[in-house]
Amino acid sequence: MTNGMGVLALLAALQTTPTQEAAQVRITPERAEIEVTGSTQLEARVLDGAGRELDTPVRWIASTPELASVDTSGVVTGLNAGMARITVVAGGRTASAPVVVRALPATELRTELGTTTPYAGQVVPVRVRAFNRLGEPVDDPPLTYESSDPDVVGVDAAGLAFARSVGSATITVRGAGVSTTASVTVQPDPGLSYALEPREVGVRTGDVVRFRATARTSGGEDVRAFPEWSLGGVGAQVEDEGGEGVFVAEEPGTYRVTARMGENDVVSAVVRVEARGEDAELVQIGRGGIADHHSGDIWVFEGVDGRDYAYIGTFMHDWMKVFDVTDPSNPALTDSIQLDARRINDVKIHPNNRVGVVTREGASNRRNGLVLLDLTTPAHPTIISEYTETLTGGVHNVWIVGEEDLVYAVHNGTRAIHVIDIADPAAPIEVGRWQIDNEQRSLHDVIVQDGYLYASYWDDGAVVLDVGAGTHGGTPRTPTFVSRFKYPIGNTHTAWRYGKYLFVGDEIFPAGWDADAAIHARGYIHVLDMTDIENPVEVAKYEVPEAGAHNIWVEDDKLYVGYYQAGLRVVDVSGELRGDLYEQGREIATILTTDDQTTVPNWPMAWGAQIFKGRIYSSDLNSGLWITELRERPRVVF
């Protein structure tokens with residue numbers, strides 16, 4: 001009887017006790033604030049429906065990893081200034097908290113003047129660089145300027161010094177509790193006169209004009225000038241670079257460029273700008289429509305049989321497609337190769353056109369790596385070998401250096417660049433490796449041009465390595481570090497070197513994107529000046545509004561971009577590049593890569609482009625192979 005009552009009591013208790021499932025997750029504090037390199041502890045409480053705290057495992061995620069990191073215990077560390085977001089997951093529930101990451105203040109100021117011995121009447125910019133306690137530059141700190149004797153040297157609130165009379169004075173710059181000084185000695189005025197070249201010029205939008213301001217004594221001797229540049233008119237910009245005024249316009253019109261040379265002396269020039277205008281169009285030549293699965297990267301080559309072929313990888317599919325494109329107006333699918341993979345992202349062909357390399361991700365046996373193809377019969381390639389020994393975690397991209405018989409592979413597992421010798425394609429072997437020193441690193445792409453390797457290291461930026469250029473001691477098998485360019489938003493996806501410029505693309509997908517639906521991608525092309533390869537400088541950008549950049553190719557002064565939902569774009573990158581290339585009208589032609597043969601109706605997702613025998617071969621994530629030509633539009637003469 002007692003046992004029966006005990007069972008009934010237990011059943012009653014179970015019926016009245018709420019199921020101990022997580023109903024909500026709370027983070028304390030709800031908002032935190034730290035400095036870069038600083039840390040703070042967040043706590044997570046998991047509650048059931050009755051508000052009781054549960055002992056449920058939690059997982060911490062840095063939703064903005066470029067701004068802050070978080071460890072398994074909830075300790076957040078600031079990486080870059082901005083509004084970071086930290087998320088916790090527990091029992092199928094999530095919560096997030098904002099963490100403000102403040103930039104480190106300036107702890108050191110360094111002052112630079114073009115000269116400390118100006119002539120009376122000249123102006124000299126006082127350039128100040130600020131650094132935090134880590135030795136990193138601090139952008140635009142609030143500064144104040146003061147002169148010990150304004151009658152000798154005046155200085156305004158923007159840091160422009162006016163040499164007024166013979167004598168000496170000290171300029172003091174203060175900001176953020178630190179200060180620096182510079183001594184200036186003014187010489188007698190030798191009768192200076194000023195000029196500006198060119199005085200009048202006509203250009204198109206996007207053309208860069210460099211103005212040179214000169215100063216000369218009454219005796220005809222040239223004297224260094226320190227102009228302050230300004231611009232009359234909206235739709236253009238002028239920047240100082242080493243004393244030159246660098247002008248570029250986004251809008252047509254007439255602009256006045258002015259150089260202030262002295263406190264009461266200015267010289268100016270006129271720039272007449274006309275619209276650049278589109279003078280070409282992309283014309284579709286052929287299509288290899290793929291509507292039953294998503295497509296990946298493409299490579300086009302002339303086979304050993306003298307015919308042309310396009311190999312296309314696949315996304316969330318286990319077949320690589322083979323097209324004969326000898327007649328580009330009528331691509332013919334000749335074969336498909338099935339691999340154990342959920343993604344065949346990249347396809348590359350050895351310059352000898354006898355060996356192909358494809359990448360694998362998502363293999364069922366978790367041994368991904370590379371697959372090497374025999375192209376003796378390029379219409380029907382066969383597998384020579386697989387290399388998985390050190391690349392089990394999946395390979396996203398590769399680059400082949402043919403003269404060295406080397407493959408540079410992007411390994412998802414180690415997030416390193418693995419150097420694979422394929423001189424014997426039946427027995428590949430790893431001969432080198434390089435990785436950035438950051439445990440949170442993520443590597444996406446690699447390309448080798450003229451002895452330099454350009455690695456797209458996502459939130460760690462574009463990394464340049466010497467792999468045979470001979471400038472920094474590197475060899476093809478032993479890469480050495482040259483430089484890195486990092487920007488706050490991260491997502492560095494791909495890079496391509498052309499002339500003195502490196503074109504770097506970032507890729508941003510929305511949370512929860514679905515490959516079988518419209519993806520609203522973002523990201524753009526950063527243009528870096530690599531004149532000093534150890535110190536890249538961003539000088540321009542190409543950004544299509546409301547769309548996202550993917551892979552790029554540059555040839556004959558033209559940038560070809562698979563701009564995802566904005567289709568294939570062609571951009572004029574001739575001459576010097578500055579400013580916003582899209583707004584300047586440097587875009588030559590576009591085509592939306594979508595038709596009725598697609599997995600997602602009315603939504604292009606252009607992957608990239610390759611120029612081959614004068615035609616443009618592209619793949620689209622949703623619709624497969626596209627072949628186009630860039631043709632000049634007929635000019636109408638009145």
Side-chain angles (χ1 to χ4, degrees), residues 65-66 80 297 346 396-399 408 410 415 417 434 436 438 441-467 469 479 481-509 521-545 547-555 557-564 566 568-574 576-584 586-587 606-610:
E66 70 276 11
N80 290 293
D297 210 351
D346 201 10
H396 197 64
N397 281 294
V398 295
W399 192 264
Y408 294 86
V410 171
R415 295 157 292 168
I417 300 161
W434 191 93
I436 197 168
N438 178 3
R441 64 185 177 269
S442 178
L443 177 62
H444 188 276
D445 204 1
V446 62
I447 185 173
V448 179
Q449 293 170 288
D450 298 324
Y452 290 106
L453 182 149
Y454 302 92
S456 298
Y457 251 110
W458 210 245
D459 292 334
D460 289 297
V463 176
V464 184
L465 305 179
D466 178 354
V467 290
F481 180 80
V482 177
S483 64
R484 178 172 69 134
F485 183 87
K486 178 181 177 182
Y487 39 87
I489 196 171
N491 296 61
T492 302
H493 168 270
T494 192
W496 188 285
R497 179 71 182 269
Y498 182 76
K500 72 174 185 177
Y501 296 113
L502 183 68
F503 296 86
V504 178
D506 47 40
E507 179 187 57
I508 304 170
F509 271 23
R522 294 294 183 269
Y524 64 90
I525 307 298
H526 304 250
V527 184
L528 311 184
D529 187 333
M530 305 295 288
T531 301
D532 179 358
I533 199 169
E534 294 184 355
N535 296 286
V537 178
E538 184 166 355
V539 293
K541 70 174 182 176
Y542 171 65
E543 181 177 14
V544 178
H550 196 233
N551 287 348
I552 59 181
W553 188 285
V554 190
E555 190 171 306
D557 288 343
K558 295 179 182 65
L559 166 69
Y560 300 84
V561 187
Y563 222 106
Y564 277 144
L568 175 64
R569 325 289 284 198
V570 186
V571 185
D572 174 7
V573 291
S574 62
E576 185 173 358
L577 304 178
R578 280 293 179 108
D580 190 324
L581 307 186
Y582 179 85
E583 294 296 336
Q584 294 165 7
R586 278 184 171 265
E587 205 171 66
W607 189 278
Q610 179 185 348

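No hydrogens, no waters, no symmetry mates; every other heavy atom, side chains included, goes into these values.
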inquiry  = side chain to side chain donor-acceptor pair (under 3.5 Å) for Tyr542 and Glu587? Distances and angles first, verdict last.
reply    = CA-CA 9 Å; Tyr542 171 65; Glu587 205 171 66; 2.4 Å; yes
ask   = Where do Phe481 and Ile436 land on the side-chain contact (heavy atoms from CB on, under 4.5 Å) test, with the steps shown first?
value = CA-CA 9 Å; Phe481 180 80; Ile436 197 168; over 6 Å; no
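Put simply, the side chain of Arg586 never gets that close to the backbone of Val571: no donor and acceptor are under 3.5 Å apart. In this structure, the side chain of His444 does not engage the main chain of Trp458 through any donor-acceptor pair within 3.5 Å. The backbone N or O of Thr492 sits nowhere less than 3.5 Å from a side-chain atom of Asp506 that would complete a donor-acceptor pair. Judged purely by atom type and a 3.5 angstrom limit, Asn491 uses its side chain to pair as donor or acceptor with the backbone of Glu507. Proximity of a side-chain donor or acceptor of Arg484 to a complementary backbone N or O of Gly461 within less than 3.5 Å is not detected. Listed for the Arg569 side chain is no donor-acceptor partner under 3.5 Å among the backbone atoms of Val544. Within the 3.5 Å criterion, the main-chain N or O of His526 finds no donor-acceptor partner in the side chain of Glu543.
Using a 4.5 Å heavy-atom cutoff, the side chains of Tyr501 and Leu528 are not in contact. A heavy-atom distance below 4.5 Å is not found between the side chains of Val398 and Val446. Under the 4.5 Å side-chain criterion, counting only non-hydrogen atoms from C-beta, Phe485 is not in contact with Val537. The shortest distance between side-chain heavy atoms of Val410 and Ile417 does not fall below 4.5 Å. Tyr457 is listed as a side-chain neighbour of Arg441, based on a closest heavy-atom distance under 4.5 Å. You'll find the side chain of Tyr563 stays beyond 4.5 Å of the side chain of Leu568, heavy atoms only. Between Tyr452 and Val482 the shortest side-chain heavy-atom distance falls below 4.5 Å. With contacts defined as side-chain heavy-atom distances shorter than 4.5 Å, the pair Trp434/Leu453 does not qualify.
Arg497 has no carboxylate O lying under 4.0 Å from a charged side-chain N of Asp450, or vice versa, which leaves the two without a salt bridge.
One distance of note links CD1 of Ile447 with CG of Asn397; it measures 10.5 Å at 0.5 Å rounding. The line from CD1 of Ile508 to OH of Tyr524 is 8.5 Å long, rounded to the nearest 0.5 Å. Rounding to the nearest 0.5 angstrom, the gap separating the CG atom in Asp572 from the CG atom in Leu559 is 10.0 Å.
The shortest heavy-atom contact between Val573 and Lys558 is CG2-N, 3.8 Å. Between Ala495 and Ser456 the shortest heavy-atom distance is N-OG, 3.6 Å. Residue Leu577 comes nearest to Val539 through the heavy atom pair O-CG2, 3.5 Å, listed as atom of the first residue, atom of the second, then distance. Across every non-hydrogen atom of His396 and Asp346, the tightest pair is O-CB, 3.6 Å. In this structure, Asp445 and Leu443 approach most closely via the heavy-atom pair O-CD1, 3.9 Å. Between Val467 and Pro479, the closest heavy-atom pair is CG1-CB, 3.7 Å.
With Trp496 as reference, Trp553 is the one residue of Phe503, Tyr560, Trp553, Tyr454 to meet the ring-ring contact (aromatic ring centres under 6.0 Å, His included) rule.
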